[in-house]
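What you are looking at is a predicted structure, and each value in this text was computed from that prediction instead of being measured.
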Amino acid sequence: MKKTRNILVSLLACLFVILAVPAAVSAAAKAPQCPKKQTLEFYRAYTSYGELPTEGDGYIYIKNLSRSAVITNVRSSNKYYTASKAAGLNAIFVQTTSGSDHLAKDGEKTKLRFTVKQNGKSYNLSCAVTFKKHSRVFTSIKIGSKNYAALAKGHWMVEDKGTAPKSKVKITVKAVKNYKVDSIEICYKNNRSKKIKNGGKVSLKNVASIYINYHITAKPKYYKRPTAGYRGFFFGGTVKSPLHESFYIDYIN
């Protein structure tokens, strides 16, 4: 009886292995998919010279993209844009073509076509991209009695030609739906910096700039958490994922 039971256990174990192999092969062989349409929002800067445009870029996330996948044969209907595989992400990175000084325009479009080679197969994908000025992120940015929300709309930075308060002030930031404030960092002219919680009080004597760090809570379609190969940059700063960004106020007095 014991011998028969051991034989049955062995047979069942072999059966599980046989059933698991096709499932693993099937998962590995799933075809990659990308959105048919994608809107990429671009930020601008507001300086003492007025509003400055920026280049257009962003990520298009691909479902079932293998880490070893190769992106080839990239074609763009708009000569000012191209794309390549994004390191550490299941995405391609759309950016301005090398050597071009083109600046993004609101409503600008391009149709991207590219080939994904993975698991011994090639897949032809395409995505219609529309660039738009970035929508509002903050409903309120109160630093003492001054509210920067209107100036902050669609901008990654604002230069303030005024004089910052020299006494302790309360800094309170409110974000729109799908965005969340993570921290507020005060940078001083002596290279010292200090982080405070949203709604906290801080002295702005000798302040150089104020950073508001935030992230989007509504993940893009097919988005997956970055792997170790990802290196995130956002207008001169580093971020831990493409969902994280920073807005800063630069005092130029």
A.B. asks: Report the distance from atom CD of Q33 to atom OH of Y123, rounding to the nearest 0.5 Å.
C.D. replies: 11.0 Å
A.B. asks: Could you check if a side-chain atom of K146 sits within less than 4.5 angstrom of a side-chain atom of D160, using non-hydrogen atoms only?
C.D. replies: yes
A.B. asks: According to a hydrophobic-cluster definition based on side-chain heavy atoms being under 4.5 Å apart (Ile, Leu, Val, Met, Phe, Trp, Tyr only), do V137 and F131 belong together?
C.D. replies: no
A.B. asks: Under 4.5 Å between side-chain heavy atoms, hopping through other hydrophobics if needed: is there a path connecting V169 to I186?
C.D. replies: yes
A.B. asks: Could you please spell out the steps behind the side-chain contact (heavy atoms from CB on, under 4.5 Å) verdict for F138 and V176?
C.D. replies: CA-CA 6 Å; F138 306 104; V176 300; over 6 Å; no
A.B. asks: The criterion is side chain to side chain donor-acceptor pair (under 3.5 Å); which residues satisfy it with S145, sequence neighbours excluded?
C.D. replies: none
A.B. asks: Do Y61 and V116 share a hydrophobic cluster, counting only Ile, Leu, Val, Met, Phe, Trp and Tyr and linking them when any side-chain heavy atoms are less than 4.5 Å apart?
C.D. replies: no
A.B. asks: Please give me the minimum heavy-atom distance between P242 and L89, naming the atom from each residue.
C.D. replies: CG-CD1, 3.7 Å
A.B. asks: Side-chain donor-acceptor pairs under 3.5 Å in residues 207-223, sequence neighbours left out?
C.D. replies:
{"from": "N213", "atom 1": "OD1", "to": "S246", "atom 2": "OG", "distance (Å)": "2.6"}
{"from": "N213", "atom 1": "ND2", "to": "S183", "atom 2": "OG", "distance (Å)": "2.9"}
{"from": "Y214", "atom 1": "OH", "to": "Y43", "atom 2": "OH", "distance (Å)": "2.8"}
{"from": "Y214", "atom 1": "OH", "to": "E245", "atom 2": "OE1", "distance (Å)": "3.2"}
{"from": "H215", "atom 1": "ND1", "to": "D182", "atom 2": "OD1", "distance (Å)": "2.8"}
{"from": "H215", "atom 1": "ND1", "to": "D182", "atom 2": "OD2", "distance (Å)": "3.1"}
{"from": "T217", "atom 1": "OG1", "to": "N178", "atom 2": "O", "distance (Å)": "3.2"}

A.B. asks: Counting C-beta onward and ignoring hydrogens, is there a side-chain heavy-atom pair between Q118 and L65 closer than 4.5 Å?
C.D. replies: yes
A.B. asks: Going by the rule side chain to side chain donor-acceptor pair (under 3.5 Å), which residues pair with Y248 if we only count those two or more places apart in sequence or in a different chain?
C.D. replies: none
A.B. asks: Quick one: closest heavy-atom pair of Y179 and A175, and the distance?
C.D. replies: O-CB, 3.6 Å
A.B. asks: Please name the pair of heavy atoms, one in L204 and one in I143, separated by the smallest distance, quoted to 0.1 Å.
C.D. replies: CD1-CG2, 3.7 Å
A.B. asks: List the atom of G199, the atom of K170, and the distance in Å for their closest heavy-atom pair.
C.D. replies: O-CE, 3.3 Å
A.B. asks: Under the rule for side chain to side chain contact (heavy atoms under 4.5 Å, CB included), what residues qualify as partners of K174, not counting sequence neighbours?
C.D. replies: T139, S140
A.B. asks: Applying side chain to side chain donor-acceptor pair (under 3.5 Å), name anything that partners S100, two or more places apart in sequence or on another chain.
C.D. replies: none
A.B. asks: Mind checking what makes side chain to side chain contact (heavy atoms under 4.5 Å, CB included) contact with K224, not counting sequence neighbours?
C.D. replies: N90
A.B. asks: Say whether L40 and F93 are linked into one hydrophobic cluster, either directly or through other cluster members, by side-chain heavy-atom distances under 4.5 angstrom.
C.D. replies: no
A.B. asks: For the residue pair A149 and I141, what are the closest heavy atoms and their distance?
C.D. replies: CB-N, 4.0 Å
A.B. asks: Does V70 belong to the same Ile/Leu/Val/Met/Phe/Trp/Tyr cluster as Y59, with side-chain heavy atoms less than 4.5 Å apart forming each link?
C.D. replies: no
A.B. asks: I need the minimum non-hydrogen distance between L103 and P53, along with the two atoms involved.
C.D. replies: CD1-CG, 3.4 Å
A.B. asks: I'd like to check V202 versus K194 (side-chain heavy atoms, cut-off strictly below 4.5 Å). Are they in contact?
C.D. replies: yes
A.B. asks: The criterion is side chain to side chain contact (heavy atoms under 4.5 Å, CB included); which residues satisfy it with N190, sequence neighbours excluded?
C.D. replies: Y188, R192
A.B. asks: Quick check for you: to the nearest 0.5 Å, what is the distance between K109 atom NZ and T130 atom OG1?
C.D. replies: 3.0 Å
A.B. asks: Would you compute the distance between atom CD1 of I196 and atom CD1 of I184 and round it to the nearest 0.5 angstrom?
C.D. replies: 5.0 Å
A.B. asks: Within the 4.5 Å heavy-atom criterion, are S241 and R225 side-chain neighbours or not?
C.D. replies: no
A.B. asks: Could you give me the CA-CA distance, side-chain angles and deciding distance for V158 and D250, then say whether side-chain contact (heavy atoms from CB on, under 4.5 Å) is met?
C.D. replies: CA-CA 6 Å; V158 166; D250 189 18; over 6 Å; no
A.B. asks: For residues 44-57, which residue pairs pass the salt bridge (Lys or Arg N to Asp or Glu O under 4.0 Å) check, not counting sequence neighbours?
C.D. replies: R44-E51
A.B. asks: According to salt bridge (Lys or Arg N to Asp or Glu O under 4.0 Å), who are the partners of K63, at least two apart in sequence or on a separate chain?
C.D. replies: none
A.B. asks: Quick one: do the S203 and K168 side chains pair a donor with an acceptor below 3.5 Å?
C.D. replies: no
A.B. asks: Kindly indicate whether the side chain of I60, heavy atoms from C-beta on, has any atom under 4.5 Å from the side chain of L112.
C.D. replies: yes
A.B. asks: Among Y46, F247, Y148, which residue satisfies the ring-ring contact (aromatic ring centres under 6.0 Å, His included) criterion with H155?
C.D. replies: Y46
A.B. asks: With a cut-off of 3.5 Å and sequence neighbours excluded, list every side-chain donor-acceptor pair involving residues 79-87.
C.D. replies:
{"from": "Y81", "atom 1": "OH", "to": "E108", "atom 2": "OE1", "distance (Å)": "3.0"}
{"from": "K85", "atom 1": "NZ", "to": "R67", "atom 2": "O", "distance (Å)": "2.8"}
{"from": "K85", "atom 1": "NZ", "to": "A69", "atom 2": "O", "distance (Å)": "2.8"}

A.B. asks: Does the side chain of S135 reach to within under 4.5 Å of the side chain of E41, using non-hydrogen atoms?
C.D. replies: yes
A.B. asks: What residues, two or more places apart in sequence or in another chain, satisfy side chain to side chain contact (heavy atoms under 4.5 Å, CB included) together with N73?
C.D. replies: R75, T115
A.B. asks: Starting at CD1 of I171, measure out to NZ of K197 and round the result to the nearest 0.5 Å.
C.D. replies: 15.0 Å
A.B. asks: Identify, with sequence neighbours excluded, every residue that meets side chain to side chain donor-acceptor pair (under 3.5 Å) alongside S48.
C.D. replies: E159
A.B. asks: To the nearest 0.5 Å, tell me how far C127 SG sits from K37 NZ.
C.D. replies: 10.5 Å
A.B. asks: To the nearest 0.5 Å, what is the distance between CZ on R113 and OG on S76?
C.D. replies: 9.5 Å
